[in-house]
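Report on the following structure.
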Amino acid sequence: MSYADIIQILDSSIRLGTPLLLACLAGLYSERSGVFDIGLEGKMLVAAFFSAAVAAITGSVWIGLLAGVAASVVFAMIHGLASITFRGDQLISGVAINFLAAGMTVLIAQDWFSQGSRTPSLSGDARFSSIDLPFADALSGVPILGPLYSEALSGHTILVYVALLAVPATWYVLFRTRFGLRLRAVGENPGAVDTAGISVTRLRYSAVLICGILCGLAGAYLSTGLAAGFTKDMTAGRGFIALAALIFAKWRPWYALFACLLFGLLQAISNRYSTLDLGIFEIPNAFVLALPYILTVVILAGFVGRAIPPRAGGEPYVKER
Amino acid sequence: MDKLPKWVDVALIPLINLALALIVSGFVVALIGEDPFNALSVMVRGAVGSTYGWGYTLFYATNFIFTGLAVAIAFHARLFNIGGEGQAQLGALGVALVCLALPWPHWIIALPFAILGGALFGAAWAAIPAYLQAKRGSHIVITTIMFNFIASALLVYLLVGILKVPGSMAPETARFPEGAHLPSARDVLAVIGIPFARTPLNVAFLVALVCAWGVWMLLWRSRLGYEIRAFGQSEPAARYAGISPLKITMITMLISGALAGLMAINAVMGEQQRLIQDNVLGAGFVGIAVALMGRSHPVGVLLAAILFGALYQGGAELEFETSVPREMVVVIQALVILFTGALDGMIRRPLESLFARRKRSTSGVPAE
Amino acid sequence: MTAPAIELKGISKSFGPVHANKDIDLRVMPGTIHGIIGENGAGKSTLMSILYGFYKADRGQIYIRGDKTEIADSQAAIRAGIGMVFQHFKLVQNFTVLENIVLGAEEGAFLRQSLARARTLLKELSEEYELHVDPDAKIEDLGVGMQQRVEILKALYRRAEILILDEPTGVLTPSEADHLFRILEGLKREGKTVILITHKLREIMEVTDTISVMRRGEMTATVNTADTSPEELAELMVGRKVLLRVDKTPSKPGEVVADVKNLRVVDSDKVERLRGISLQVRRGEILGIAGVAGNGQSELLQVLGGMQDATGEVRINGEPIDLTGTKSDARTRRARGIGHVPEDRHHEGLILNFHAWENVAFGYHHAPEYNSGPLMDNRAIRQDAEAKIAKFDVRPANCWLEAKSFSGGNQQKIVIARELEREPDLLLVGQPTRGVDIGAIEFIHEQIVALRDQGKAVLLVSVELDEIMSLSDRIAVMFDGRIMGERLPSETNERELGLLMAGITDTDREHSVAEIEANLAHVAGKVV
Amino acid sequence: EPGLIIDLGGKFDKSFNESAYNGAQRWVEETGGKYLETELASEAQREQTMRRMAERGANPVVVLGFANASTLEKVAPDYPETNFVIVDMVVDQPNVQSVVFSEHEGSYLVGMMAAMASESNTVSFVGGMDVPLIRKFACGYAEGAKAANPDVTVIANMTGTTPAAWNDPVKGGELTRSQISQGADVVFAAAGGTGVGVLQTAADEEILSIGVDSNQNYLHPGSVLTSMVKRVDNAVYDAFQAAADGNLQTGVVVKNLESEGVGVAMDEHNADLVTDEMKAAIDEAMMKIQSGELVVHDYTTDDSCPSLTF
Ligand SMILES: Nc1ncnc2c1ncn2[C@@H]1O[C@H](COP(=O)(O)OP(=O)(O)OP(=O)(O)O)[C@@H](O)[C@H]1O
Ligand SMILES: Nc1ncnc2c1ncn2[C@@H]1O[C@H](COP(=O)(O)OP(=O)(O)OP(=O)(O)O)[C@@H](O)[C@H]1O
Ligand SMILES: [Mg+2]
Ligand SMILES: [Mg+2]
């Protein structure tokens, strides 16, 4: 494997890690506030659909992006309604949202475009185009770091950079602002927040809202950045991988970045090599493709140590029985 | 202090939730430009309007009884088994291996072994997530989802490799021998002179009914069931009573996986008669909705499974007759899960305060 | 005449069918310490939570310093100068003291400034009130006494003029409690108003100026402390005369039933919870284990009850029992004649959603008389349950009710009936009267003593020093996973036990509060 | 009334199914006839869908793709009055017509064009689901490429091993990028809906691509070198027409280069990309294949490929 190969794989990892990262940060806000969310997958899927669909209709990827985010937010609010207002089971609500997204996207796609379950292919302004970072060309000659910057890091779509910037931003919000303090508190002990005179409900809804927005970006990136249109079930389990990354990252932003890049890397590798020769034996293709899933289990089982989720996570806040 | 009368809890609330799900589904149908009432009548006629409809409805229901019971029994131990899909896939592998292993002389002989094969493989697939949950605290929801993906990878590996018929294109096994074909409802009913359409409904339906009865006996008549229910209510209490969390988690998930695996008796041995790749048809997931609707009680699961069977069959007809895609069924299913599972409080709490007010005005419960 | 600091008029509150507060009136004058007592579930916490804006009253008005005040949420209460220290602290465990204090009282959207300002103010406050805490310590590393200080500081930081403390002393050693009362006196001298909820009649007699008594959601009396007595208060609480002391004959210890040697437990965080416990319990005696919560008593019960593995040696009637491995579960312990009334009946002793009859078999569901063949004999269990419910006067006497539908005292009676009726050789009892009112306490104590008189051994764990003193034939004090000493109830006193509970063995000497605190803080880091 | 069951992936996959759909539409336009159509929702519902079609009285029932074979094997005997047509697989039943294509021959031709168009001497292949049929494409492609330029490197990747692999344009795009980074400058996609992503990426990254089944040249004019067309449309059209005329032949029908069952798409969209040299080369190869002088290796005959390892 040459250095150029490595650069290409890294380039691909960033691209494939981006939707995971956005979804993972989405989950981070929600779960830090105490609302577990296995519906990331579904929210990404609706966002992927609506952003591609609206981009196809209007010809503008930005309007598409807005539509995708809006759709994801609507689904996030359903989850909020179920788990915050009506104190339902958060896991079940998440499962329902995933199904709802899987069904609705196909239904609407068929109704709007009559092209089976897909949107028309996007081109031109209906897609995000790649942007070159400053000095990418000038620096490409620098040994080692040059190609890393100009080929792996530069030349992605705007949403990739949004995702990367969202990591320090999330860290800052969480640990340096009032909102972050309250958010972390409400996921640990909503009673403490409530008795401090802050509305638990409002805080959790804002977290779920942010979650919806970020999932929207993740979905929009899938269909208008990574691909050129929506196809049925195009999230392909990314929401669950993002969730695993979140646990792996122990609900911390910087760790989330590395976890998502790791999963991106795995996908990049499995895209690139259909079988993996480990010297002793060869992993057949079917299992190379399943590698992210297998690794998720291995990580959950062994490597995270004890990942302690936010203490109040998964439980609705019940003041009066 | 029971907040609600039992009939409200087990009948009224699920019915209201179901009605809400159907109303919202109706709106969705209207939104995509079809007449919801027409759609409903197509679905109802398609599902129960003929022996053909009934055959398919009950055929699907059989699948859902197995997976619904699988989810339900896990729910009792407060384990959320989303892995029914993968466990059923593995069960299918087990059934297929048994059916292909010998030139079975008669289905009566093949069936018990196939049941064993399906149950064993399904259980084995549930065992790892169960162990990881019990020993390492790995969240079973995520591990079982991952195991669904891994199961399909495994099946693909086998179906494009050693299990494939040499020279054949499709990733599927050879057809099972004649002696491993379960008699269909048409065959059985023909013996007593009742005409029935050619459908895949087969004797596995009876196996499913026996399983439902067995789960009921297990949960409410056996010590193991008592322990499962106690563990599901409170883990510290279970330990206090000498119930091993590891043991119960493992056993419950093994039973759950076995039940999911048994679905293959119906789908693979009863209908497909060979192992194909996507043999489960999403029934593992439907099981979640079925268990929620059925309040995790075998009788409820039975009724909910038939409802969902009708929904599936009706949905298939809907696609033939109108322009509503079959995914409509997925939407209805999602709405049922949403309303019965997650938005339950929306109906329950107003009802609770309604009944509490009635109760207080009649009896006046003091603080103590 | 000055306006009362607080005046409540006609406060009512229901939780579903439970009428927690019924038309309550209350007046508290500024610069006084006002006590509120009442049985469990009488509605004390509910009333105070309404005052603090945590719950919303169904009816009634609140006047603060004479002005009618609408308290919609806790923010409004804080603005009105009310601070509350809840029975169960409302602290974020993995936050620092400082972060907990600014939470909800931040200035501006960014934290840096708020934290810096809070740090200076906190320093001033802690010096002024002798409430020293490390602002950068994580709450989970602090002992309960410390956590309580943080709660008080939180209230003072928000400039509370009226401070409500809900059962603050339940978790404190006697000397910590004394220190707390000195602080309350200081606050009172500054003109602040304090409302103190407690079950401990002696305490309330010592520190309060006036006392209100609640019973079954109603305010039954308000008296001046100077004009009343503990006996009168007890009667007001329960509505009849109660014996505050247990009536029992001297014990006649027989041979050793339980012989424990060098018991050690290391928990999943690798913290040593039991550091070599050795003790013996004999037939016909009650061994009481005193100690501040979290010093290993729970682990001791759990190990003996088969809920946790350990190393060391335990013999029951001379036969060793397995402490690690497959034969060390609660079921085998029961087979060896160990009964167990667990500390937490809600989470351990009962399945709240099971019927009462199902709970009567809980833990003994393998017993031959409850089974026929491979299945459970539900009819036999129900018959047995009905008999036990009748004998222990569980009310309502309906074995089809779910356990959660019984009140705390009656739930405890179901557990006691189940465990005592098996006549175990060794009875483990944890906090038998926690959350149980005075009337039921009497009954439960009688049952335990009766078992002892049958010649059975009883190991009693309780954080209530009164209960230990009055029930035990012998007292062992636990601190930080060790036994600090054994005393006979007749030869010791609360002060000495209190010092032992704080890990101080040279009990003849005078000890400063700071010294006791330092000792307790040492354990605190390990206490969850 | 004839019936058509559109396979997984949907009738607008711009590829295999769309080709069949177009054949049916052409028949409707030309004859004014009517036909029943339904789309398959999942693998496990093949049987129900087939039965439903037969019960509704469709004749013949046309099913698309190898995956239907074993189901058809079971269903066909239950409806002896109904004729069935299956594409891409042989089903040995008296009332079934099996239409198979010589994909390896068409792939051979586009392989030659790819090798000739490549400047980096590296061409690549993105397959859909990893099944023998797709390996047959890949193998023919590699044979052709090697024939045109023995030094050419052929990179082949499969998208996956599940039917989802027909429908994963994102992965298709990633595979293409990775192949580009390995030097490929012509990519052949035989991957159904996934191919859309391959062609898109090829266009984005400014390399050449080759479409499949339908003529996909129009998708990215100037980037799609050609398409290996597989005339599923003709198969459907012929079946419908034969049934209308009452002379549907059962048994195996082979559609090869000679019978124009497979071929290379040439139109205004790729006219600028195809050199005269290429044209001459493929014309020559076509003649040799038709005359039997040149036998392109068919992967499915022995499950192996002399010029490509998987
Ligand atoms: N959040 C709630 N939801 C429902 N019922 C409640 C709630 N809080 C308290 N109750 C009920 O209201 C009644 C009064 O409870 P409260 O906590 O005020 O009693 P208390 O006097 O503080 O008792 P304790 O001495 O145990 O603290 C009890 O019957 C209790 O079960
Ligand atoms: N967890 C719970 N869920 C539902 N209801 C409860 C719960 N806890 C208490 N209650 C209700 O609140 C009422 C009072 O409960 P509580 O434990 O406060 O009783 P109590 O006043 O301590 O009774 P006793 O005098 O017998 O000790 C009970 O009758 C019960 O119906
Ligand atoms: Mg209280
Ligand atoms: Mg009580």
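First the proteins, then the strands, lettered A, B, ... as listed; each starts at 1.
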For the residue pair Phe285(B) and Asn98(A), establish whether any side-chain heavy-atom pair is separated by less than 4.5 Å. no
ring-ring contact (aromatic ring centres under 6.0 Å, His included) with Tyr131(B): which residues, sequence neighbours excluded? none
When the 4.5 angstrom heavy-atom criterion is applied to Ile332(B) and chain A, the contacting part is neither
The reported gap from CG in Leu338(B) to CD1 in Ile92(A) (rounded to nearest 0.5 angstrom) is 10.5 Å
Within residues 140-150 of chain B, the residues sitting under 4.5 Å from chain A by heavy atom, in sequence order, are Val141(B), Ile142(B), Thr143(B), Ile145(B), Met146(B), Phe147(B), Phe149(B), Ile150(B)
Between CE on residue Met104(A) and CD on residue Glu327(B), distance to nearest 0.5 Å: 12.5 Å
Part of Ile32(B) lying under 4.5 Å from any heavy atom of chain A: both
So which residue, Leu107(A), Asp89(A), Leu243(A), Val297(A), ends up with the most heavy-atom pairs under 4.5 Å with chain B? Leu107(A)
Heavy-atom distance under 4.5 Å between the side chains of Ile82(B) and Ile38(A), does that happen here? yes
Heavy-atom proximity to chain A below 4.5 Å, by part of Phe80(B): side chain
Non-hydrogen atoms of chain B under 4.5 Å away: do they reach the side chain of Thr105(A), the backbone, both or neither? neither
Run the salt bridge (charged side-chain N to carboxylate O under 4.0 Å, His left out) test against Glu31(A) and tell me which residues pass, sequence neighbours left out. none
Pick one of side chain, backbone, both or neither for Val329(B), based on which atoms fall under 4.5 Å of a heavy atom in chain A. neither
Do other residues, nucleotides or ligands put more than 12 heavy atoms under 6.0 Å from the CZ atom of Phe86(A)? yes
Nearest heavy-atom pair of Ala153(B) and Ala290(A): which atoms, and what distance? CB-CB, 3.6 Å
Atom pair OG (Ser83(A)) and CG (Leu343(B)), whose distance is rounded to the nearest 0.5 Å: 9.5 Å
With a 4.5 Å cut-off on side-chain heavy atoms, are Val331(B) and Phe99(A) touching? no
If you draw a 6.0 Å radius around CZ in Phe287(A), do more than 12 non-hydrogen atoms from other residues or ligands fall strictly inside? yes
Any pair counted as salt bridge (Lys or Arg N to Asp or Glu O under 4.0 Å), so long as it reaches residues 311-320 of chain B, sequence neighbours left out: Glu317(B)-Arg52(D), Glu319(B)-Arg326(B)
Output the option from Gly237(A), Ala244(A), Ala96(A) having the highest count of non-hydrogen pairs under 4.5 Å with chain B. Ala96(A)
From Arg349(B) CZ over to Thr85(A) OG1, what is the distance, rounded to the nearest 0.5 angstrom? 8.0 Å
Examine whether an atom of Leu292(B) lies under 4.5 Å from a heavy atom of chain A, and if so say whether it belongs to the side chain, the backbone or both; otherwise answer neither. side chain
